[in-house]
Amino acid sequence: MNGEEPEGVATPEQLAAAVEKYRDDLVRLQPHEHSTESVREATYKGHRIRIVTTYRIEVDGAPVTGHLLVTGEGNLHYHAIPNQEFGSAVDMVKRIIDLAPEGPAAPGGEHGGHDGHDDGGHGDDHHHHGGGG
Amino acid sequence: MAIVRRNILADPATLQRFAEGVNRLKADFSSGVTTQTLGFSSSQPIPVSAYDQFVIWHFVAMNIPTPDPQGLNPRDRNAAHRGSIFLPWHRFMLRLFELHLQRVLEDPEFGLPYWDWAFAENTPFDQQVNSALWQETGIGGSGFPVIDGPFGFSEDPQQRRFAVFFAQDLWTGAFTFYPDGRGLLRRLGESSQAPGLPTTMQVTQALQSQSLYDAPDWDAASEGFRNLLEGWVTGAGSSPPGLHNRVHAWVGGDMGVGTSPNDPVFYLNHCNVDRLWEAWMIERGRTYLPDETSPGAPVRHRLNDPITSLVTTVTRRPADLLDVADLYTYDALPDV
């Protein structure tokens with residue numbers, strides 16, 4: 001920018017070279033453990049406040065395990081829904097249900113499929129990697 | 001000479017070229033990057049398209065937390081969102097995407113179009129859903145899969161125009177690979193938090209009410225233009241999500257999750273966001289906060305912190321991204 005751009009900045013070679021150069025960042029695509037606790041801290045009249053919140057969420061018996069945070073304002077932020085915050089956990093989970101292309105994987109159950117399409121070509125062929133952050 | 005970015009709803013030829021460019025990037029495997037390169041273990045590596053490499057970059061960036069100098073990150077700021085870097089990071093992303101579109105279209109003058117999503121107050125919600133953008137002759141409408149328009153899906157690979165291969169799983173947050181591809185998911189206007197798109201009054205309010213780009217704590221609770229445009233706070237008379245965030249929520253489906261660049265409307269939304277930032281800077285000056293002296297400024301969000309990407313080895317700082325007038329302009333800017 002500022003009127004200067006290196007020649008060849010947007011080429012197939014650059015696409016390959018960038019992935020190689022920042023290979024360490026690709027770990028973000030892999031499964032990782034994240035805390036199920038959300039910690040809020042504040043200082044008030046010289047007193048230190050610390051609130052630890054843990055949510056255990058299930059839908060149709062299946063756990064919902066994406067990273068979530070309770071903000072200082074008391075809203076919930078679910079990392080996999082990056083553009084919204086929620087005033088209640090129930091509203092947050094309703095939105096997960098709205099956005100998810102497939103239903104939850106209940107113990108011993110199956111994923112849902114496309115509207116009006118069979119599940120077979122997609123639901124069983126997923127490769128799951130990475131965490132919510 | 002600077003290229004011109006145009007209003008997609010006013011320029012059918014640009015819409016067609018945009019769609020053509022997107023589908024060519026979806027079919028561009030010339031980088032040689034595969035799922036194995038990305039660390040997926042499978043019996044046979046699958047090539048990753050140039051288009052999908054941007055999806056992956058966006059997901060990776062939003063999974064890089066950016067705490068403050070005390071190690072705190074109470075509002076989940078990350079390397080691309082919920083913080084000051086939001087606007088320059090996406091400006092960098094869009095510029096690189098635009099350059100790749102120029103490459104596959106063999107048109108160095110092609111400008112990424114924007115979607116001016118603001119509606120007049122009290123515009124009926126069904127009028128918004130039935131806008132020309134969401135028709136067969138636009139970019140298609142709701143569905144799972146979306147079947148109309150240039151990004152429609154077909155079970156027949158010979159008939160297929162567009163497919164999603166990498167998406168975030170809502171139940172686990174995991175990055176998921178669909179080897180056979182699936183169709184795009186859109187649910188226009190179905191979010192209870194965002195039944196309607198932003199209004200022109202809300203845009204004007206954002207442009208006119210803020211004289212500072214950003215402020216401590218440089219996150220989703222901050223005052224300043226950036227946070228108002230990103231949409232974590234709103235002006236009087238409305239509730240979050242606002243502006244940019246509201247558009248994501250309103251489109252729904254794939255636009256509602258961390259792999260939102262899967263829906264090409266992502267670029268149209270962000271191009272309008274960039275356009276609004278440009279209008280604000282022309283009026284307020286090409287300034288940015290925080291810099292390295294700003295209290296509590298997190299690394300990766302400061303004026304001279306490098307932005308890295310998974311699509312080029314070139315880096316840029318916010319300082320490099322404030323003045324792009326030599327590279328591109330907009331056919332029309334809102335009044336500030």
Side-chain angles (χ1 to χ4, degrees), chain A residues 1-3 5-6 9-19 21-22 25-31 40-41 59 62-67 69 71-73 77 79-85 91 94-96 98-101 104-105 114-115 117 121-122 125-133, chain B residues 30-33 37-40 42 50 53 60 62-64 74-76 81 96 99-100 103 143-145 168-180 182-183 185 187 190 193 221 240-241 245 248-249 252-253 256-258 308-314 316 320-321 323-324 326-327:
Chain A
M1 310 347 184
N2 284 335
E5 280 180 331
V9 65
T11 61
E13 292 76 18
Q14 278 287 299
L15 290 171
V19 170
K21 183 173 182 178
Y22 299 110
D25 284 349
L26 296 176
V27 71
R28 307 289 173 179
L29 302 178
Q30 300 302 322
R40 284 169 284 172
E41 295 180 292
V59 175
V64 177
T65 58
H67 168 67
L69 176 87
T71 71
E73 291 72 35
H77 176 61
H79 194 80
I81 305 178
N83 306 112
Q84 294 179 253
E85 292 181 354
D91 286 344
K94 286 180 178 178
R95 187 58 176 158
I96 293 172
D98 285 341
L99 286 171
H114 287 176
D115 294 344
H117 291 256
H122 299 269
D125 294 333
H126 296 177
H127 295 247
H128 290 261
H129 298 268
Chain B
S30 56
S31 71
V33 172
T37 317
L38 299 177
F40 288 82
S42 61
Q53 215 160 313
V60 165
M62 64 176 299
N63 280 280
I64 298 174
R75 297 184 183 88
D76 236 9
H81 305 84
L96 291 167
L99 290 171
H100 277 281
R103 173 176 66 85
F144 184 49
Q168 185 169 23
D169 183 286
L170 262 293
W171 306 107
T172 63
F175 188 75
T176 305
F177 172 48
Y178 296 80
D180 297 327
R182 65 158 173 79
L185 169 57
R187 299 285 190 215
E190 296 185 17
Q193 281 193 359
N245 281 347
H248 274 274
V257 301
T308 62
S309 92
L310 283 172
V311 298
T312 181
T313 58
V314 172
R316 283 290 181 267
D320 302 318
L321 294 159
D323 188 352
V324 295
D326 288 346
L327 300 176

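What you see is a predicted model, and the numbers here were worked out from it, not measured in a lab. Chain letters run A, B, ... following the sequence lines, proteins first and then strands; every chain starts at 1.
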Any side-chain heavy-atom pair of B:Met62 and A:Arg28 under 4.5 Å = no
key: Winner by heavy-atom pair count (cut-off under 4.5 Å) against chain B, out of A:Glu73, A:Glu85, A:Lys94   = A:Glu85
ask   = With chain B, which of A:Asp91, A:Thr71, A:Val9 has the greatest number of heavy-atom pairs at distances under 4.5 Å?
value = A:Val9
task = Counting only heavy atoms closer than 4.5 Å, note whether B:Val33 contacts chain A via side chain, backbone, both or neither.
result = side chain
query = Do A:His67 and B:Asp76 touch side chain to side chain, with heavy atoms closer than 4.5 Å?
reply = yes
ask   = Who pairs with B:Gln193 by side-chain hydrogen bond (donor to acceptor under 3.5 Å, both in side chains), at least two apart in sequence or on another chain?
value = A:Gln84
ask   = What pair of heavy atoms forms the shortest contact from B:Phe40 to A:Leu29, and how long is it?
value = CE1-CD1, 4.5 Å
task = Output all residues satisfying salt bridge (Lys or Arg N to Asp or Glu O under 4.0 Å) with A:Glu13, sequence neighbours left out; order by chain, then residue number.
result = none
note = Nearest heavy-atom approach of A:Thr65 to B:Thr172 is OG1-CA, 3.5 Å
Toward chain A, the part of B:His100 with a non-hydrogen atom under 4.5 Å = both
Among the listed options A:Ala100, A:Ala16, A:Pro82, the residue most often paired with chain B at heavy-atom distances under 4.5 Å = A:Pro82
note = Of the listed B:Pro240, B:Pro241, B:Ala221, B:Pro74, the one with the largest count of heavy-atom pairs under 4.5 Å with chain A is B:Pro74
query = Under a 4.5 Å heavy-atom cutoff, which of B:Thr312, B:Leu99, B:Val257 has the most pairs with chain A?
reply = B:Thr312
ask   = If you look at every heavy atom in A:Ile81 and A:Arg95, which pair is closest and at what distance?
value = CD1-CG, 3.9 Å
Toward chain A, the part of B:Arg75 with a non-hydrogen atom under 4.5 Å = both
ask   = Which bit of A:Leu69 comes within less than 4.5 Å of chain B, counting heavy atoms only: side chain, backbone, both or neither?
value = side chain
